[in-house]
Amino acid sequence: MTWRDVDPTTHPFDPGQAPDVVRYVVSSPDPESGRPRGLRSDNAVARGLAEHYGSWAFGCCYAVDEYPGSGALIQDLPTSGLSSGDLEQQAQRYTSALLQWRAWIEEISAVFAQFAPGPDAGGEERRRMRERAVAPLVTLVVERTGAGETWRGACAQTLIWYLESTGMSPVEAEELADEVVDSEFESWVAPDAEVVGRAAKAIREHGA
């Protein structure tokens with residue numbers, strides 16, 4: 001998904017309706033098997049949510065992990081397992097995941113707006129704003145994931161989406177963010193200010 005697919009400012013969402021929508025999706029038949037989506041797989045539910053809300057909702061099922069140190073964006077879900085045959089329990093868990101996912105993309109969207117280059121910004125201004133955005137975005141991801149085993153994936157995705165929001169192409173943004181995250185950040189380690197500074201500098205110098 002690109003930031004255009006996810007951007008909450010262009011994809012309205014009513015959280016008050018989410019429980020009913022998710023309950024319907026979880027109970028609806030999966031096109032491939034005919035079984036209720038909630039008894040089929042995360043992917044079946046994710047596809048149903050994307051059909052209703054748009055592709056941004058697809059990400060909620062893949063930002064989840066029940067292991068506390070996983071480094072996933074969403075870890076705090078109701079108790080019963082996603083393999084449970086109780087569709088109402090399934091609906092509660094998927095609703096929680098969807099609401100947490102939406103809250104996350106709205107949170108990073110606010111940071112993107114804070115560090116958005118002006119419409120007439122030149123190349124140097126864009127590079128300067130990108131550099132300034134790295135520290136607050138990395139801090140948000142670390143706080144959300146605990147810098148666990150897989151936190152770097154969430155960090156790379158957040159930086160990719162930010163870079164896209166500043167006008168960088170999706171392919172270029174992905175290549176740059178992946179390179180910076182792979183070279184500067186480690187699993188299980190929250191980066192210190194020096195490491196984050198190097199990452200920010202690398203992003204600023206890209207295309208300079």
Side-chain angles (χ1 to χ4, degrees), residues 1-13 42-43 46-47 49-51 53-65 70-74 98 101-142 144-145 147-187 189 191 195-208:
M1 291 183 293
T2 67
W3 181 242
R4 180 172 302 206
D5 299 320
V6 177
D7 186 352
T9 65
T10 56
H11 295 85
F13 174 70
D42 285 349
N43 191 59
R47 289 199 310 267
L49 292 173
E51 288 167 7
Y53 286 118
S55 56
W56 70 265
F58 192 87
C60 76
C61 294
Y62 297 96
V64 173
D65 199 304
S70 67
L73 288 167
I74 301 172
L98 178 66
W101 176 243
R102 180 69 184 200
W104 170 250
I105 62 176
E106 289 180 354
E107 185 172 14
I108 61 173
S109 177
V111 179
F112 292 3
Q114 183 180 354
F115 293 95
D120 300 321
E124 179 57 28
E125 182 180 348
R126 287 183 185 276
R127 288 190 289 272
R128 185 168 59 250
M129 293 300 288
R130 289 167 181 164
E131 179 182 31
R132 291 175 56 198
V134 171
L137 288 172
V138 172
T139 297
L140 276 182
V141 176
V142 169
R144 185 67 173 257
T145 64
E149 183 177 9
T150 63
W151 82 277
R152 297 190 308 154
C155 187
Q157 183 63 80
T158 301
L159 291 175
I160 289 167
W161 283 340
Y162 168 69
L163 293 171
E164 288 179 21
S165 78
T166 68
M168 191 175 290
S169 75
V171 172
E172 186 178 9
E174 182 175 3
E175 291 177 350
L176 175 57
D178 285 348
E179 179 182 353
V180 169
V181 169
D182 286 345
S183 62
E184 297 295 346
F185 301 150
E186 301 177 51
S187 296
V189 178
V195 172
V196 173
R198 288 202 303 266
K201 182 180 179 182
I203 285 178
R204 175 172 179 163
E205 291 179 346
H206 178 78

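Quantities reported herein were computed from a predicted structural model and do not represent experimental measurements.
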*Does the side chain to side chain contact (heavy atoms under 4.5 Å, CB included) test come out yes or no for Phe185 and Val141, once each step is laid out?*
CA-CA 12 Å; Phe185 301 150; Val141 176; over 6 Å; no
To the closest 0.5 Å, what do you measure between [atom1] ([X]) and [atom2] ([Y])?
{"X": "Leu140", "Y": "Thr145", "atom1": "CG", "atom2": "OG1", "value": "10.5 Å"}
{"X": "Ser183", "Y": "Asp178", "atom1": "OG", "atom2": "CG", "value": "10.5 Å"}
{"X": "Glu172", "Y": "Ile160", "atom1": "CD", "atom2": "CD1", "value": "12.0 Å"}
{"X": "Ser169", "Y": "Leu163", "atom1": "OG", "atom2": "CG", "value": "10.0 Å"}
{"X": "Leu49", "Y": "Trp56", "atom1": "CG", "atom2": "CH2", "value": "8.0 Å"}

Checking the side chain of [X] only, and the main-chain atoms of [Y] only, is there a donor and an acceptor separated by less than 3.5 Å?
{"X": "Trp151", "Y": "Glu186", "value": "yes"}
{"X": "Glu184", "Y": "Ala199", "value": "no"}
{"X": "Arg132", "Y": "Phe115", "value": "no"}
{"X": "Asp5", "Y": "Thr2", "value": "yes"}

Which atom pair, heavy atoms only, marks the closest approach of [X] to [Y]?
{"X": "Arg204", "Y": "Arg128", "value": "NH1-CG, 4.2 Å"}
{"X": "Thr158", "Y": "Ala154", "value": "OG1-O, 2.9 Å"}
{"X": "Ile108", "Y": "Ile105", "value": "CG1-O, 3.4 Å"}
{"X": "Cys155", "Y": "Val181", "value": "SG-CG2, 4.3 Å"}
{"X": "Glu164", "Y": "Ala173", "value": "CG-CB, 3.9 Å"}
{"X": "Ile203", "Y": "Leu159", "value": "CD1-CD1, 4.5 Å"}

Please tell me if the side chains of [X] and [Y] come closer than 4.5 Å, counting only heavy atoms from C-beta onward.
{"X": "Glu131", "Y": "His206", "value": "no"}
{"X": "Phe112", "Y": "Leu137", "value": "yes"}
{"X": "Tyr62", "Y": "Leu73", "value": "no"}
{"X": "Asp182", "Y": "Arg152", "value": "yes"}
{"X": "Tyr162", "Y": "Met129", "value": "yes"}

*asked:* Under 4.0 Å between a side-chain nitrogen and a carboxylate oxygen: does that hold for Glu205 and Arg130?
replied: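 Arg130 and Glu205: not salt-bridged.
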*Residue pairs passing the side chain to side chain donor-acceptor pair (under 3.5 Å) test where at least one lies in residues 101-118, sequence neighbours excluded*: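 Applying side chain to side chain donor-acceptor pair (under 3.5 Å) to every pair that reaches into residues 101-118, excluding sequence neighbours, yields Arg102-Glu106.
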